Amino acid sequence: MTVINSPLPDKERAIAGEALQATLVDLLDLSLVAKQAHWNLYGPRFRSIHLQLDEVVVTARDFADAVAERAAALGVSPDGRAATVAATSGAPAFPAGWTKDVDAVDALVRTFAAVIARARTHVELTGPADAVTQDLLIGLTAALEKQSWMFQAENRA
C-alpha cells in the first residue's frame with residue numbers, strides 16, 4: 001500500500017525505489033562508519049582526518065535525506081531503521097576500538113569503494129526507469145568519488 005501516488009508506472013517506481021532504498025542504507029552506514037572513525041581516531045594526523053571525517057558525515061547525511069525524500073516522492077516508504085541498515089548495507093564493517101589514523105583512512109577508502117560501486121550500479125539501473133532519480137544518484141556518486149579521492153590521497157607516500 002502507498003499513501004503517495006507515484007508519477008512513475010509501477011515497474012519504474014519499483015526500480016527507482018529499490019535503488020533509492022539500497023543507496024539510503026549505504027549512506028546511513030557510511031555516516032556511522034565515519035562517526036565511529038571520528039570518535040576513535042588517534043595518530044599524528046588526528047586533527048586533519050578528524051575534521052575530514054566530519055565532512056563525510058555531513059555529505060552522507062545530506063544525501064541520505066535527499067534520497068529518502070525522493071523515495072517518498074515516488075510513493076516508496078524509505079526505511080532507515082538501524083536493523084534495516086545493519087541487514088542490507090553494502091559497506092564493509094568498521095573495526096571496533098581505537099583506530100590509528102592510517103588504518104582509519106584505509107578503512108574509509110574501502111568503504112567508499114564499496115558504496116561507490118553500488119551507487120554506480122544504481123545509476124545504470126535507474127537511467128531507463130527515472131531520469132530524476134538517476135540525476136540525484138549521479139550527483140551523489142560524484143560527491144562520494146570526491147571524498148574517496150581525498151582519502152586515497154591521505155595515505156599515499
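Nothing here was measured: the structure is a model prediction, and the numbers come from that model.
Between the CG atom in L32 and the CZ atom in R61 there is a gap of 7.0 Å [rounded to 0.5 Å]. Taking CG from L24 and OG1 from T88, the interatomic distance works out to 8.5 Å, rounded to the nearest 0.5 Å. The distance from the CG atom of L137 to the NE2 atom of H122 is 8.0 Å, given to the nearest 0.5 Å. L140 CG to I116 CD1: the interatomic distance, rounded to the nearest 0.5 Å, is 9.0 Å.
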task: In sequence, state the C-alpha distance, the side-chain angles, and the governing distance for S148 and Q152, and then conclude on side-chain hydrogen bond (donor to acceptor under 3.5 Å, both in side chains).
output: CA-CA 6 Å; S148 176; Q152 289 178 56; 2.9 Å; yes
- request: Could you go through the side chain to side chain contact (heavy atoms under 4.5 Å, CB included) check for E154 and V109 one step at a time?
  value: CA-CA 10 Å; E154 284 284 342; V109 168; over 6 Å; no
task: In sequence, state the C-alpha distance, the side-chain angles, and the governing distance for K146 and E55, and then conclude on salt bridge (Lys or Arg N to Asp or Glu O under 4.0 Å).
output: CA-CA 11 Å; K146 179 180 177 184; E55 293 174 14; over 6 Å; no
field: Pair D54-K35, side chain to side chain contact (heavy atoms under 4.5 Å, CB included): steps then yes or no
entry: CA-CA 7 Å; D54 275 338; K35 267 304 181 187; 3.1 Å; yes
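Not a single donor-acceptor pair under 3.5 Å links the side chain of D26 to the backbone N or O of V115. Under a 3.5 Å cut-off, the side chain of D29 and the backbone N or O of S89 do not form any donor-acceptor pair. The main-chain N or O of T99 is never found under 3.5 Å from a side-chain atom of N40 such that the two would form a donor-acceptor pair. Formation of a donor-acceptor pair under 3.5 Å by the Q36 side chain with backbone atoms of A96 is not found in this model.
Surrounding CD of E145 are more than 12 heavy atoms belonging to other residues, nucleotides or ligands, all under 6.0 Å away. No more than 12 heavy-atom neighbours from other residues, nucleotides or ligands sit within 6.0 angstrom of CZ on R120.
In terms of heavy atoms, R13 sits closest to G75 at NH1-O, 4.2 Å. Residues P44 and K100 approach most closely at CD-NZ, 4.0 Å, considering heavy atoms. Contact record, F112 with L30: CE2-CD2, 4.0 Å, taken as the closest heavy-atom pair. Scanning both residues, V57 and A34, for their nearest heavy atoms gives CG2-CB, 3.6 Å. F94 and A37 make their closest contact through CZ-CB, 3.5 Å (heavy atoms, listed as atom of the first residue, atom of the second, distance). Contact detail for G17 and V76: the closest heavy-atom pair is CA-CG2, 3.9 Å.
When each of D130, D135, D65 is checked for a side chain to side chain donor-acceptor pair (under 3.5 Å) with R70, only D130 meets the rule. Partner T133 forms a side-chain contact (heavy atoms from CB on, under 4.5 Å) with one of T126, I138, I15, T23 and no other, that one being T126. With respect to N155, the side chain to side chain donor-acceptor pair (under 3.5 Å) criterion is satisfied by exactly one of D106, D101, D103: D106.
Note on L8 and V123: same hydrophobic cluster, where clusters join Ile, Leu, Val, Met, Phe, Trp and Tyr whose side-chain heavy atoms are under 4.5 Å apart, directly or indirectly. Under the 4.5 Å side-chain heavy-atom criterion for Ile, Leu, Val, Met, Phe, Trp and Tyr, F46 and I49 are members of the same hydrophobic cluster.
The aromatic rings of H38 and H50 lie parallel to each other, with less than 30° between the two planes, well short of the 60° mark.
Residues L53 and F151 form a side-chain contact, since some pair of their non-hydrogen atoms from C-beta on lies under 4.5 Å apart. The shortest side-chain heavy-atom distance between V33 and L108 falls under the 4.5 Å cut-off. Looking at heavy atoms from C-beta onward, P7 lies in side-chain contact with L74 at the 4.5 angstrom threshold.
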